[in-house]
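See below for the structure under consideration.
Basis for what follows: all heavy atoms, side chains included, without hydrogens, waters or symmetry-related copies.
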Number of protein chains: 2
Amino acid sequence: MPVTIRDVARASGVHVSTVSRAFSAPHLVNPDTRSRVLAVAEGLGYRPNRAARALTTGRTHNFGIIVADIANPFFPPLIKAAQAHARSRDYNVFVADTDEDPQVEEEVIQTLSKQVDGVLLCSPRLTNKAIERLREEVPFVVVNRRIRGMPTVLMDVGQGASLAVRHLTELGHRRIALVSGPAGSWTSKAMHEAVATAGADAVFLGPNAPTEQGGITAAADVIASRVTGVLAYNDLVAIGLIEGLSERGVRVPEDVSVIGVDDIVAGRLNRPKLTTVSMPAAAAGRVAVDMLLQAVDDVAAATVTTLETSLVVRESTGRART
Amino acid sequence: MPVTIRDVARASGVHVSTVSRAFSAPHLVNPDTRSRVLAVAEGLGYRPNRAARALTTGRTHNFGIIVADIANPFFPPLIKAAQAHARSRDYNVFVADTDEDPQVEEEVIQTLSKQVDGVLLCSPRLTNKAIERLREEVPFVVVNRRIRGMPTVLMDVGQGASLAVRHLTELGHRRIALVSGPAGSWTSKAMHEAVATAGADAVFLGPNAPTEQGGITAAADVIASRVTGVLAYNDLVAIGLIEGLSERGVRVPEDVSVIGVDDIVAGRLNRPKLTTVSMPAAAAGRVAVDMLLQAVDDVAAATVTTLETSLVVRESTGRART
DNA sequence: GTGAAAGCGCTAACAG
DNA sequence: CTGTTAGCGCTTTCAC
């Protein structure tokens, strides 16, 4: 049987409330009593039951992180950073994978709602309306999607796309393509806009599946469009594209330069090493947790934090053929 | 203010215990009353508070998954499968990343212990002794490490290593190397043993860091050892090794064949595509959850489940030079 | 500075 | 079948 506060109280000859205070309100208890209680607790191997504490305090000291797909290499670094940061603030985290299914997302939020003080919603698939509604049940911080009036952490893909286009034009590329992602995607839209206003001669290819296969498939269109520089929706698409091009005898970067987005591990390991727009995923995780912590106390806050992206130049880009 | 069981009781004109039963013991309540209560609950947006329920039932309906490093591409598929399976059994999961630190591992287990019914310990870094001790506080299932008397899920790397060696000898390789991992690693030991008994002329190179850099560094030794076939500790090492070899003008698979272990995404994307021992990570996640579910009810069980691995032949292996 | 008592949301005997 | 009554482990007034 697990040891409770009552066992500690008995063993140290004080009342339970004193034990409780020894842990959660040290200044209200005599230093001597406190250290004695703590010693006894230690000896008994006492661990406060956080769930029971939550019942009276209203603070669970838990967060939820909800992602569309844990296996998507973009998320683990974000989760890792968020979890570590939460831990440093004495919070534990639930992680739930919705498998890209809005319905599952909603259910997960609901089962979690009473067990957490807040939820990190990463790239949610739910409608804005649904999210607004669920917000009544539990505080959110949204990552990677813009929803009016909600605390949000954004990674500035638009700015990243501009960086990428600038890099290509500096290398002498005159005609470039954006190999975009799924139809409704917020990210696709932001990239499209950035590329369109970057002042290059741009063609837009898509929609494509946000996967390696999507990239492979897009290779034919890229060749047909006779561009020399490409910005892909993400690294997976970029890697697939490079593969598709190479199958058709087009070399990267000698014939065509390719830039990805995300900076996943695989891109660094791939040949040629992928030039990519690096997303500050770890920073996003930390910031999101900070905002959540804040949202928990201060319902009013609804900030938007936009994190800068950066371009990592590796081997998949080079001077344009002349 | 969140809606509680009491609000539902009041609104539907029954006692709280009836509402409680309507949810957790349907057969004990009149069908009509039940459906009325459920309707009212639905209307009010009532969600049972699982933490409060846990206080009386002793079942939290939560699991913990503790991993050394979420960002290690080996874990996400395991976590994803475990989480999905747990969800299907109406369990939520905490995920904690220990950053390879035994001390953190212990702390995490302790803060989680009262909030979960059991913990999945993946590739733990703690000593056997420490784990035995913590076992008093919460049931474990250990994944990827053999600990006597504990429910364990193993992926048979030894058998995978045998498969790999057989594949190499079938391709005509006479002299092969095992580029092993960190010194104390259980996996390294199992691979070593399997390779040693596989009946080939084998050389053992290591220890090495279990990373791409470890592989790059090992390239010189591999060349010096004049082998034509290599089994690497894992895919990261294999990919690094291929890179290191190529920097030194040794081509894969033309000059040397390389096999990895894990079947991470990056290996499939890499050039040449990596031949590798595929670990049944998703299956391991599911099985582990099943065992945990069982361990929660039946303290006695201490089964070991060993999952078969398989060899995925891609492009990094070929016939030996003659 | 410490004890007593009430109560968080819920379930589990026990009556009726 | 449903209401009553205890409590789960902990915190928090309120007294002393």
Side-chain angles (χ1 to χ4, degrees), chain A residues 1-38 40-41 44-62 90 110-117 137-138, chain B residues 1-38 40-41 44-62 90 110-117 137-138:
Chain A
M1 213 43 328
V3 21
T4 80
I5 201 176
R6 202 128 31 206
D7 301 320
V8 178
R10 202 170 309 130
S12 46
V14 296
H15 197 261
V16 288
S17 53
T18 303
V19 178
S20 171
R21 284 187 282 253
F23 282 96
S24 28
H27 58 283
L28 291 182
V29 59
N30 182 308
D32 292 355
T33 335
R34 176 170 138 83
S35 55
R36 188 160 43 86
V37 168
L38 259 33
V40 171
L44 260 43
Y46 168 73
R47 305 274 146 209
N49 181 328
R50 298 172 145 231
R53 174 180 295 175
L55 213 46
T56 56
T57 61
R59 285 277 181 284
T60 62
H61 268 244
N62 292 150
D90 200 25
Q110 288 179 338
T111 42
L112 243 37
S113 64
K114 290 289 205 313
Q115 290 187 89
V116 300
D117 296 339
E137 306 192 22
V138 58
Chain B
M1 206 53 325
V3 20
T4 80
I5 201 176
R6 202 130 31 208
D7 301 320
V8 178
R10 201 171 310 130
S12 46
V14 296
H15 197 264
V16 287
S17 53
T18 303
V19 178
S20 171
R21 283 188 282 254
F23 281 96
S24 28
H27 58 285
L28 291 181
V29 58
N30 182 308
D32 292 357
T33 330
R34 176 170 139 83
S35 55
R36 186 159 44 85
V37 168
L38 258 36
V40 171
L44 259 44
Y46 167 73
R47 305 274 146 213
N49 182 328
R50 296 171 146 234
R53 176 180 294 177
L55 213 46
T56 58
T57 61
R59 285 277 181 283
T60 62
H61 268 244
N62 292 150
D90 200 26
Q110 288 179 338
T111 42
L112 243 38
S113 65
K114 289 290 206 312
Q115 291 187 87
V116 301
D117 296 338
E137 304 192 22
V138 58

task = Give a yes or no on whether the backbone of B/A22 and the side-chain of B/R34 come within a donor-acceptor separation of less than 3.5 Å.
result = yes
key: Pairwise distance OH(B/Y46) to CD1(B/I5) - rounded to 0.5 angstrom   = 4.5 Å
ask   = At how many degrees, to 10°, do the end axes of the helix from C/dG1-D/dC16 to C/dG16-D/dC1 meet when each uses five pairs?
value = 40°
task = Give the rounded distance in Å between these two atoms: CG of B/L44 and P of C/dG9.
result = 14 Å
N/O donor-acceptor pair under 3.5 Å between B/S20 side chain and B/V16 backbone = no
key: Smallest separation among heavy atoms of B/V138 and B/V116, with atom names   = CG2-CG2, 3.9 Å
request  = Send over the distance from A/D7 CG to D/dG9 P, rounded to a whole Å.
outcome  = 8 Å
key: Test item: A/T60 side-chain N/O and A/D117 main-chain N/O as donor-acceptor pair under 3.5 Å   = yes
key: Side chain A/R36, main chain A/S12, donor-acceptor under 3.5 Å   = yes
query = Any sub-3.5 Å donor-acceptor pair from A/S24's side-chain atoms to A/R21's backbone N or O?
reply = no
note = note: B/H27, atom NE2; C/dT11, atom P; distance rounded to Å ~ 14 Å
request  = Please step through salt bridge (Lys or Arg N to Asp or Glu O under 4.0 Å) for the pair A/R59 and A/D90, ending with a clear verdict.
outcome  = CA-CA 12 Å; A/R59 285 277 181 284; A/D90 200 25; over 6 Å; no
query = Once you round it to whole Å, what is the distance between C1' of C/dC8 and CD of A/Q115?
reply = 16 Å
key: Under 4.0 Å protein heavy-atom contact, by nucleotide of nucleotides 10-16 of chain D - B base, S sugar-phosphate only   = BBBB---
inquiry  = Expressed as a whole number of angstroms, how long is the span from A/R34:CZ to C/dT2:P?
reply    = 12 Å
query = Separation of A/N30 atom CG from C/dG3 atom C1', in whole Å?
reply = 15 Å
Atom-pair distance (CG on B/L28; P on D/dT4), nearest Å = 18 Å
